[in-house]
Amino acid sequence: MRRLAQSSLTAARLLLPSALNNFKPSDFDEGERVDIALFNCPASDDARAHLGRDTLDFFAIIECKKHQDSKVEYEEALDQLIDYTRHVYRVQYNRRFAWALSVCGTNVYAVAMLHDTVLVSPAMDVAKPAGRKRFVELLVNWAVCDDVQAGYDPTIVLGPNKNHYRIECRDEDGNVHWYKTTECVVAADSMIGRHTRCFLARPDGVGGGNNDVVVIKDAFAASSPPPNDKVRNEISHLRKIKKEFEGKKLDFMYPELVHGGDVVLPTGGSRVSNIAANSTNGFDDNTDGIFSLMGATREDVPLPSDDGVNEERSWTQQPYRVHRRLAMKPYGGHLKKGEDPAELIVVLAEAMRCHTAIHTQCGILHRDISPNNILVVDGSDGLLHGLLIDFDYAIPLDEDGYSGRPGRSGSLPYMSIGNLEYAGQMQSALDDWEALLYTLCMWGTRGLTSDDRNADKRGLTKLPISQWSVDHPSVIASNKRRHMHSAESFKSNILDCFHSKCKGLKPLANDLHTALFLHKECAGAAVQRRDLDIPDADNYNPNIDSDTQSEAEEQDASKAEDPLVKRRKHESDIVQALSKMMAKHDRLAKGTLQKALSKQTAAGPSIMQDTVWTMETLNMEDGSAMPTPMPQTPTPASRRGRSRR
């Protein structure tokens, strides 16, 4: 082997194989076992401290198969590596991309796990000199490269006792602020996508109380390369929102940006050497930078055709992602924190008040309403409040009030029909309201608490709403069209399947459906010809071509009308009706909760324990109870007199 220059041999880490094989590492699920792990041991540390089962020390997972010519074993090894590496992302908060090795007989494959693709090297046959040379070179490069090249983020630093992380966050002027965290509330436990992580943190060196706590969001957000990188940029949106609402008396809360900026990686920085924070040379962390480390050039992903179908593409055609980090407040819990229908209604109503204000006053459309993006915050008034978060998919509106570009965004079960079908249409506020309806229906069907869901023996996969979750987007859109087409179809397919503990959500779901799909000028959801009878809603599939479709229908397609396209002409009236209707349900739910809180104060904390909110108790309210004025950012406080699971 050619002698390497001595000046280049400065090891950043020792890469040591695990002492165990075929073992279950820490933080892995039951039944998951890895063949071998390659441990990352800082060159200055005692190697023995890094050779146990701790996933935190993994540099790469190695899967071994017996036969090198078996395609089945080759693909099985890759599947296992992809599945197991998600645990590495979940545990290692400073991991930007990950490596793995697949061994099939004497063939070794290097595997790079990126945000939108998995890359596999050509086979290195270690039974032959050329293959051994390439494999040794790979190991040497892994050992001597800096943390940025190895896939680590040197701006997130693991403490010496592995009991906390220090996180760098930049502000608008590029100034660096350091935070300390011991709690990750959202882990990046999937292989593909943004790898969003959220931490509860305080400024480094500050003890303080709850007022000092911020939520740090760290994610590789899909964006556009410069100079168009401000269009789809959560930090830019949150700055605009803060400028519009800061200091004003509001009846909703909004995500307030404290600090935020693109992550800048120091050149030559190392987690081992405590990252050399005084480095002046750095570069923005994005997909193009990661590709350049691998000697490749990223290409733009081709736009889908009019039917939304993606064509075959090269591995270099990947979305452009930018590593962004934001410090925000207030912080809240998951939507499941609301344990009864009245609380959920109050939370959703406040989130949509925020949505409407941002839409009308800031000219920003959220485009990703879902349970994960509405947080529950404890208010000083004793009630739960809703906080709309995650503006990664948000887009500025054009002069006509639509999003600045077409395209799918969000989570499949909660996407609007138009969003699922794509069809090159711009999105509007109606798409987000439709997503709210699907969120409410999904929550109402599954139940609000884990106890409710665990006790449910109906088999949710057999219910019609399960058809919103798994399939091609066009098929899911077709299913939703059938379920939403009429009051009868919505009732039989969706409302009648609500959990018995969620009856109090039915009136709101019914009113949302009526406003969105039964407007007098554009009623229905199924595409139909003007001169034909309405098709059977249970059997009609408007979105998938059929060989049995008659030639006459194809020739008469010009007569087909989509009520959801017609609905766009009445958007202003529909959104106004939705806002008024939501406010009514909010008043009723708050009135019910405030009366219960008053009784609780008079009779003691136990009165709330067995309360079940039903449709009748919500509808008995006359709407006279007004919500208690709420400060812009309530101080998080524990709920009084009621335990939270």
Side-chain angles (χ1 to χ4, degrees), residues 193-194 196 217 219-224 228-241 244 252 254-255 257 301 303-304 308 319-322 324 326 328 335 348 351-375 386-440 442 468 473 476-477 480 512 516 564-565 567-568 571-572 574-575 578-579:
R194 292 178 286 176
T196 301
K217 176 183 176 182
F220 278 82
S223 186
S224 299
N228 300 316
D229 54 338
K230 301 300 181 184
V231 175
R232 185 173 168 182
N233 187 326
E234 183 175 25
I235 297 173
S236 298
H237 297 328
L238 292 183
R239 284 176 182 153
K240 185 174 184 179
I241 292 168
E244 176 66 33
F252 60 87
Y254 63 91
L257 183 67
V301 179
L303 291 175
Y320 179 77
R321 294 186 181 275
V322 178
R324 295 189 174 120
L326 307 80
M328 302 172 287
L335 198 60
L348 295 181
M352 292 310 290
R353 283 200 302 276
C354 176
H355 174 277
T356 299
I358 291 173
H359 177 260
T360 57
Q361 299 178 47
C362 303
I364 296 172
L365 185 65
H366 188 275
R367 300 203 313 157
D368 191 15
I369 301 296
S370 70
N372 288 332
N373 292 337
I374 298 175
L375 296 186
L387 176 66
L388 183 63
I389 63 166
D390 194 353
F391 286 76
D392 270 343
Y393 288 106
I395 289 288
L397 301 176
D398 62 18
E399 60 184 11
D400 295 321
Y402 297 107
S403 63
R405 69 178 67 181
R408 292 194 186 102
S409 62
S411 305
L412 286 176
Y414 313 107
M415 284 185 187
S416 69
I417 294 171
N419 194 3
L420 287 164
E421 292 176 341
Y422 186 73
Q425 295 183 19
M426 299 293 186
Q427 295 178 41
S428 74
L430 291 178
D431 293 280
D432 283 357
W433 279 98
E434 194 177 325
L436 177 75
L437 171 60
Y438 299 142
T439 297
L440 184 68
M442 191 68 74
W468 298 0
I476 296 175
K480 287 183 175 180
L512 284 170
L516 284 165
L564 302 186
V565 174
R567 186 178 70 178
R568 296 164 66 89
E571 178 186 349
S572 178
I574 295 175
V575 170
L578 286 164
S579 298

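Numbering of residues begins at 1 and proceeds along the displayed sequence. Note that these values count all heavy atoms, side chains included, but never hydrogens, waters or copies made by symmetry.
- Between the CG atom of Leu335 and the CG atom of Leu375 there is a distance of 8.5 Å, given to the nearest 0.5 Å.
- Pro413 and Met442 make their closest contact through CB-CE, 3.7 Å (heavy atoms, listed as atom of the first residue, atom of the second, distance).
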Derivation and outcome, side-chain contact (heavy atoms from CB on, under 4.5 Å), residues Ser370 and Asp368
CA-CA 6 Å; Ser370 70; Asp368 191 15; 4.2 Å; yes

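- Between Pro319 and Val301, the closest heavy-atom pair is N-CG2, 3.4 Å.
- For Arg194, the salt bridge (Lys or Arg N to Asp or Glu O under 4.0 Å) partners two or more places apart in sequence, or in a different chain, are Asp390, Asp392.
- With contacts defined as side-chain heavy-atom distances shorter than 4.5 Å, the pair Leu365/His355 qualifies.
- Judged by distance alone, the side chain of Glu571 and the main-chain N or O of Ser428 form no donor-acceptor pair under 3.5 Å.
- At least one donor-acceptor pair under 3.5 Å links the side chain of Arg567 to the backbone N or O of Leu516.
- To the nearest 0.5 angstrom, Tyr414 atom OH is 6.0 Å from Thr439 atom OG1.
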Can you check side-chain contact (heavy atoms from CB on, under 4.5 Å) on Ile417 and Tyr438, steps first, answer last?
CA-CA 11 Å; Ile417 294 171; Tyr438 299 142; 3.6 Å; yes

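- The distance from atom CD1 of Ile369 to atom CG of Leu440, rounded to the nearest 0.5 Å, is 13.0 Å.
- Remark: side-chain polar atoms of Lys480 are paired, donor with acceptor, to backbone N or O of Met415 under 3.5 angstrom.
- Looking at His237 and Pro396, their side chains come closer than 4.5 Å, going by heavy atoms from C-beta outward.
- The CD1 atom of Ile389 sits 5.5 Å away from the CG atom of Asn373 when rounded to the nearest 0.5 Å.
- Using a 3.5 Å distance cut-off with no hydrogens or angles, the side chains of Asn419 and Asp431 do not pair a donor with an acceptor.
- To the nearest 0.5 Å, the span separating NZ on Lys217 from CG on Leu257 amounts to 11.5 Å.
- Rounding to the nearest 0.5 Å places CG of Leu437 at 13.0 Å from CG of Asp432.
- The two residues Phe391 and Glu234 come nearest to each other via the heavy atoms N-OE2, 2.9 Å.
- Side-chain atoms of Leu430 and Ser416, non-hydrogen and from C-beta on, never get closer than 4.5 Å to each other.
- Aromatic ring centres of His366 and Tyr393 lie farther apart than the 6.0 Å criterion allows.
- A heavy-atom distance below 4.5 Å is not found between the side chains of Ile395 and Ile364.
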Using the rule given for side-chain contact (heavy atoms from CB on, under 4.5 Å), can you reason through Ile358 versus Glu244, listing the C-alpha separation, both sets of side-chain angles and the distance that settles it, and then say yes or no?
CA-CA 9 Å; Ile358 291 173; Glu244 176 66 33; over 6 Å; no

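- In this structure, a donor-acceptor pair under 3.5 Å is absent between the side chains of Ser579 and Arg353.
- Contact between Arg321 and Ala222 at its shortest, heavy atoms only, is NH1-N, 3.7 Å.
- Taking the side chain as every heavy atom from C-beta outward, Leu387 and Ile374 never approach each other to under 4.5 Å.
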Would you sort out whether Trp433 and Val575 count as a side-chain contact (heavy atoms from CB on, under 4.5 Å), showing the intermediate values?
CA-CA 8 Å; Trp433 279 98; Val575 170; 4.1 Å; yes

